2 protein chains.
Amino acid sequence: MTKGKKKNTTIRDVAKKAGVSVASVSRYINQNAPLSTSISIKIQAAMTELNFVPHIMARRLATNKTNTIGLLVADLYGDFFPPMFHGIESVTGEAGFDLLISSSARTGPRTEFPSSLGPHNTDGMLVFWDSLSEAGLHQAYERDFPIVLIHQSPPDKMSIPCVTVENKAASRRIVEHLMEAHGRRRIVFLRGPDHNEDSYWRETGYRQALEMRGIPFDAELVAPGEFDRAVAEQSIRNLLSRGIVFDAVFACDDESAAGVYSALYAAGRTIPNDVAVVGFDDQRFSAYINPPLTTVRAHTEDVGRIAARQLLQIIHDGTADSLTLVPTEIVFRQSCGCNP
Amino acid sequence: MTKGKKKNTTIRDVAKKAGVSVASVSRYINQNAPLSTSISIKIQAAMTELNFVPHIMARRLATNKTNTIGLLVADLYGDFFPPMFHGIESVTGEAGFDLLISSSARTGPRTEFPSSLGPHNTDGMLVFWDSLSEAGLHQAYERDFPIVLIHQSPPDKMSIPCVTVENKAASRRIVEHLMEAHGRRRIVFLRGPDHNEDSYWRETGYRQALEMRGIPFDAELVAPGEFDRAVAEQSIRNLLSRGIVFDAVFACDDESAAGVYSALYAAGRTIPNDVAVVGFDDQRFSAYINPPLTTVRAHTEDVGRIAARQLLQIIHDGTADSLTLVPTEIVFRQSCGCNP
DNA sequence: CTGTTAGCGCCTTCAT
DNA sequence: ATGAAGGCGCTAACAG
C-alpha cells in the first residue's frame with residue numbers, strides 16, 4: 001500500500017468526479033434540499049468510489065454546532081457509573097449526539113471550566129458531583145452554556161437544572177423500619193464525605209425518623225463513613241472500643257455498610273441479631289454479602305437518562321425542570337432482621 | 001443579561017483589542033513561537049477581558065489533528081468497565097487527548113465504521129470485543145487508521161495490535177489447583193458466549209489441565225454459562241437433574257459462578273465440600289459471596305492503560321506490539337476448599 | 001520578533 | 001433544481 005502525501009478527499013473531489021457543484025454534494029450529504037435523482041446517483045457513485053468521509057470538524061466549524069455533549073465526572077470507580085453512563089448514552093445516542101468524557105480523577109475537582117468540553121466544543125454539559133468547582137460552574141453559567149448537574153444542586157444564585165435521587169424520604173423510611181419493625185432505638189448513622197449532598201439528605205432523613213418517634217438525636221451515634229469501606233470499619237471499631245451502645249447502623253452507602261460488617265464480625269457481634277445494618281445504593285455486592293443487605297435502591301440509569309433528556313431539551317428550546325428527584329425504593333433483605 | 005446575536009468572540013477580536021496581529025494571538029495561545037513579554041501581557045489582558053475561549057473545531061480543521069481518541073464499546077454493564085476506563089483515561093488525559101465514547105449497546109455490533117469516531121474525528125480508536133464487526137474493522141484497516149483492539153484478536157489478514165489478559169495459563173493453573181490441592185476429578189466447565197475469545201482460551205486452559213493429569217475430556221461436563229448468572233444457574237440445574245456427577249465447577253466468569261452457587265444451594269449441595277467452585281475476573285462481589293470465591297484476578301485497569309499507550313504510540317510513530325497479554329493471578333479464597 | 005495572507009473542508013445565502 | 005462565492009475561527013508559511 002503506497003502511502004505518499006495522503007491527501008484528504010474532500011467534498012470538492014466528489015463534486016468534480018460527479019461533475020456537479022460542491023453545493024449539490026453538500027445538499028446530498030445533508031438531505032436538506034431538493035435534488036434531482038440523476039444527480040444524486042452520480043454523487044453517490046462518486047462518494048463510494050472515492051471512499052469519502054465528511055470531515056466533521058469542518059462541518060462543525062461551518063454550522064457552529066458540535067452535536068456532542070460533554071460529560072464531566074470526578075471518579076468513576078464504584079458501581080454507579082456504568083448504569084448512569086448507559087442511561088445517558090441511550091438518550092444522547094438516540095438523538096445523534098456524541099459523548100465527550102472527561103474525568104477529573106487525576107486533577108481533582110476542576111477549578112477551571114475545561115476548555116475542551118466547553119462552548120465551541122460541546123453543545124452542553126453534564127456535570128457530576130465534585131467534578132467541577134463552583135468557580136468553574138460560574139464561568140459556564142455566565143455564558144449561559146447549557147448544563148445540567150447530577151447529584152449536586154446548584155450553588156446560590158445560579159439556577160442550573162439538577163437531577164438527583166430521592167434521598168431524604170427513603171432514609172427516613174428505612175430508619176423508621178429499623179425502629180418499628182425491629183424495635184431498634186440506638187441507631188448509628190455513618191456519614192458520607194463532607195459537603196456531599198446525598199449524605200446530607202440521608203442524614204436529614206435519619207434525623208426526621210428519630211424525631212418522629214421522639215428519640216433524641218445523639219451526636220455520639222454519628223460517625224464518618226466517607227463512602228469508604230475502611231473508614232467505616234474503623235468508625236465502628238472506635239464506637240465499640242469506646243463502649244458506646246447501639247443496636248443498628250444506617251450506613252450512608254453500601255460500601256461503608258460492608259465496612260460495618262467487617263468491624264462487627266471482628267468484634268463477634270452478629271447481624272442482624274446484635275445489630276441490624278442497612279445501607280444505601282443497592283450495589284451489586286449487597287445482595288451477595290452475608291447476610292444480604294437491606295438497602296435503598298437508586299435507579300441510577302434513570303438518573304442518567306433523565307439528566308440527558310433535560311440537557312437536550314435545554315439545548316433545543318432552553319427549558320428544563322430546575323430539580324428532578326428520581327424515586328428510590330427500599331429493598332428488604334436480611335441485614336435489618338427481615339426474612340430470617 | 002442581554003442576549004442578542006451572541007457573536008462568538010474570536011481570535012481576531014482579541015487581536016484588535018490588544019492591538020496586535022492574529023498571528024501573535026495564535027502564538028500566544030499555542031506557546032509555540034517567541035513572543036515579547038509586553039505583547040504577551042496585552043494579549044492576556046484582552047483575552048480575559050473578552051472571556052475568550054479558542055474554538056477547538058476551528059483549530060482542528062486548521063491543523064488536521066483532532067487530539068481525541070475514540071472508544072468503541074459494546075455494553076458497559078458489569079464491573080469491568082470502570083477500571084478499564086480509568087486506565088485509559090489516565091493515559092490519554094495525561095497526554096492531553098480527549099475521549100469520545102460510543103456504545104453499540106443499542107445497535108448491536110456496528111457493521112459500519114462509525115463515522116463520528118473515524119478518521120477526521122479522532123486520531124485513533126480503541127475497540128472492545130464485540131463492538132465493531134469485522135467489516136467495520138476492515139474499513140478502518142484499509143485506510144490504515146490507528147486502532148488497537150481490546151480483548152479481541154484481529155481477524156485473519158489484518159495485523160492490528162491487540163491487548164488482552166492472560167487467560168489460558170491462569171485457567172490451567174486454577175483447574176490444576178482443583179485437582180492437586182483438593183483432589184477433584186470431575187470438573188464442570190461453564191462456557192462464555194460463542195466466539196468469545198476469553199472463553200475460548202479459558203476452555204483451552206481447562207482442557208490442558210485435564211490432559212496433563214491424564215483425565216479424559218468429558219463433553220458432558222461442559223455447559224453454557226454465557227457470562228450470565230441465570231444461564232449458569234440453569235445449566236447446573238440441568239446437570240444435576242440429569243444425574244451427572246461432578247465435584248467441582250470452573251465457571252468462565254464470576255457472574256456465572258454466582259449462578260452456580262444458587263443452583264448448588266437450591267439442590268442442597270455444599271460449597272466447597274460437595275462441589276468446589278472457582279471463577280474468573282475477581283469481580284467486586286466475589287469476595288463478599290458466601291463462601292468467598294476463588295477466582296482469577298485480571299488487572300483490567302492495566303489493560304486499559306496499556307491499550308491506550310499502544311494507541312498513542314501508533315499515532316505518534318506508527319509502531320506497536322502486535323499482542324500484549326496482561327498477566328493474571330489466582331486469588332485463593334474458600335470456594336475451592338482453601339482457607340477453611 | 002511580528003504582521004499578512006492563504007487556506008483547512010464544509011455550509012449557505014444569493015443568483016440563475 | 002443547481003452553481004458561485006463568501007465565510008466559520010484558527011494555523012502556518014512567508015515576508016519583513
Side-chain angles (χ1 to χ4, degrees), chain A residues 5-44 46-47 50-68 115-116 118-123 143, chain B residues 5-44 46-47 50-68 115-116 118-123 143:
Chain A
K5 251 272 137 292
K6 177 150 292 185
K7 194 78 179 59
N8 280 328
T9 100
T10 82
I11 202 182
R12 200 125 34 204
D13 301 322
V14 176
K16 193 184 309 172
K17 166 146 304 221
V20 301
S21 74
V22 295
S24 294
V25 178
S26 174
R27 285 171 186 130
Y28 178 76
I29 293 171
N30 296 304
Q31 304 286 342
N32 60 359
L35 215 48
S36 74
T37 347
S38 67
I39 235 177
S40 297
I41 292 174
K42 287 193 292 190
I43 291 175
Q44 177 58 51
M47 288 201 342
L50 293 176
N51 222 318
F52 171 76
V53 177
H55 195 307
I56 300 210
M57 298 310 161
R59 183 199 309 248
R60 285 175 182 170
L61 213 214
T63 57
N64 200 28
K65 314 180 81 278
T66 66
N67 235 273
T68 108
S115 81
S116 73
H120 300 326
N121 303 308
T122 62
D123 294 335
R143 309 179 184 184
Chain B
K5 255 264 147 292
K6 175 151 294 186
K7 195 76 178 58
N8 280 327
T9 101
T10 83
I11 202 182
R12 200 124 35 205
D13 301 322
V14 176
K16 192 185 310 171
K17 166 147 303 219
V20 301
S21 73
V22 294
S24 293
V25 178
S26 174
R27 285 170 186 131
Y28 178 76
I29 293 171
N30 296 302
Q31 304 285 344
N32 59 1
L35 213 49
S36 72
T37 348
S38 68
I39 236 178
S40 298
I41 293 174
K42 285 193 291 189
I43 292 176
Q44 177 56 52
M47 290 203 337
L50 293 177
N51 223 317
F52 171 76
V53 177
H55 195 307
I56 300 209
M57 299 309 161
R59 181 199 316 245
R60 285 176 182 169
L61 213 213
T63 56
N64 200 29
K65 315 179 80 276
T66 67
N67 235 274
T68 108
S115 81
S116 73
H120 299 327
N121 304 307
T122 62
D123 295 334
R143 310 180 183 184

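Note that the structure is predicted; figures quoted are calculated from it, not measured. Each chain gets a letter, A, B and so on, in the order its sequence line appears, and its residues count up from 1.
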Which of these nucleotides, C:dC10, D:dC10, C:dC8, is closest to any side-chain atom of B:Leu61?
C:dC8
If you check every side-chain atom of B:Ile11, which of C:dT2, D:dA1, D:dT11 has the closest atom?
D:dT11
Have a look at B:Leu35 and say if it touches a base, only the backbone sugar-phosphate, or nothing, with a 4.0 Å heavy-atom cut-off.
sugar-phosphate
Is B:Phe52 touching bases, backbone alone, or none of the nucleic acid, heavy atoms closer than 4.0 Å?
sugar-phosphate
Separation of [N] [atom2] from [X] [atom1] (nearest whole Å):
| X | N | atom1 | atom2 | answer |
| --- | --- | --- | --- | --- |
| B:His55 | C:dC10 | NE2 | C1' | 13 Å |
| A:Asn64 | D:dG9 | CG | P | 6 Å |
| A:Asn32 | C:dT13 | CG | C1' | 13 Å |
| B:Ile56 | D:dC8 | CD1 | C1' | 16 Å |
| A:Asn121 | D:dC8 | CG | C1' | 14 Å |
| A:Arg60 | D:dG9 | CZ | P | 16 Å |
| B:Asn30 | D:dG9 | CG | P | 17 Å |
| B:Tyr28 | D:dC10 | OH | P | 15 Å |

List the steps, then state whether side chain to side chain contact (heavy atoms under 4.5 Å, CB included) holds for A:Tyr28 with A:Ile11.
CA-CA 11 Å; A:Tyr28 178 76; A:Ile11 202 182; over 6 Å; no
Euclidean distance, [Y] [atom2] relative to [X] [atom1], rounded to 0.5 Å:
| X | Y | atom1 | atom2 | value |
| --- | --- | --- | --- | --- |
| A:Ser24 | A:Lys42 | OG | NZ | 9.5 Å |
| A:Thr66 | A:Leu61 | OG1 | CG | 12.0 Å |
| A:Met57 | B:Lys65 | CE | NZ | 12.0 Å |

Phosphate-side-chain proximity, A:Thr63 and D:dC8, N/O vs OP1/OP2 below 4.0 Å:
no
Short side-chain N/O contact from B:Ser26 to OP1 or OP2 of D:dT11, under 4.0 Å
yes
When you compare the side chain of A:Asn67 with that of A:Arg59, does any pair of heavy atoms fall below 4.5 Å?
no
A:Asp123 side chain reached by A:Thr68 side chain, heavy atoms, under 4.5 Å:
no
Under 3.5 Å between N/O atoms: give me all the protein pairs with nucleotides 3-7 of chain C, atom names plus distance.
unit_1, atom_1, unit_2, atom_2, d
C:dG3, OP2, B:Ser21, N, 3.1
C:dG3, OP2, B:Ser21, OG, 3.2
C:dG3, OP2, B:Ser24, OG, 2.9
C:dG3, N7, B:Arg27, NH1, 3.2
C:dG3, O6, B:Arg27, NH2, 2.5

Which residues pass the side chain to side chain contact (heavy atoms under 4.5 Å, CB included) test with A:Asn51, not counting sequence neighbours?
B:Arg143
